[in-house]
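Positions are given from 1, in the same order as the sequence printed here. When reading the values below, keep in mind they use all heavy atoms of this one structure, side chains included, and skip hydrogens, waters and symmetry mates.
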Amino acid sequence: MRFLLVGAVCLSSMATPAFALSTGDTMQAWAAASPTEKDDLLRKLDASSSPSSSKGGVRSCLDDTAKAPGHSNLPISEIFKACSEQAGRENI
């Protein structure tokens, strides 16, 4: 009986959706996220950022940074800020 209960709990946890990507997550989570999750997070971050940043440039910067060695444990929010600033300078 205990085995069935444990099995049911395991199955229900596998059936629940994964947590959405958030600003506090690391670049490792960004690299593993689906394009839809990335788009959702970028929309949230764009709402709080300056309008001068290029969405495509910022996303490309985030994708490149996620692939760079030694950056997997950095918070997405910090990398987003740096990428937005870089994209803003490139738009001038």
Name each donor-acceptor pair under 3.5 Å that joins a side chain in residues 57-69 to protein atoms two or more places apart or in another chain, with its distance.
from : atom 1 : to  : atom 2 : distance (Å)
R59  : NH1    : D39 : OD1    : 2.3
D63  : OD1    : W30 : NE1    : 2.8
D63  : OD1    : K38 : NZ     : 3.3
T65  : OG1    : C61 : O      : 2.8

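- With contacts defined as side-chain heavy-atom distances shorter than 4.5 Å, the pair M27/I76 qualifies.
- Under the side-chain contact (heavy atoms from CB on, under 4.5 Å) criterion, E78 pairs with P75, sequence neighbours left out.
- In summary, D40 and R43 engage in a salt bridge, as defined by a charged side-chain N under 4.0 Å from a carboxylate O.
- With sequence neighbours left out, T23 forms a side-chain contact (heavy atoms from CB on, under 4.5 Å) with L41, L45, S77.
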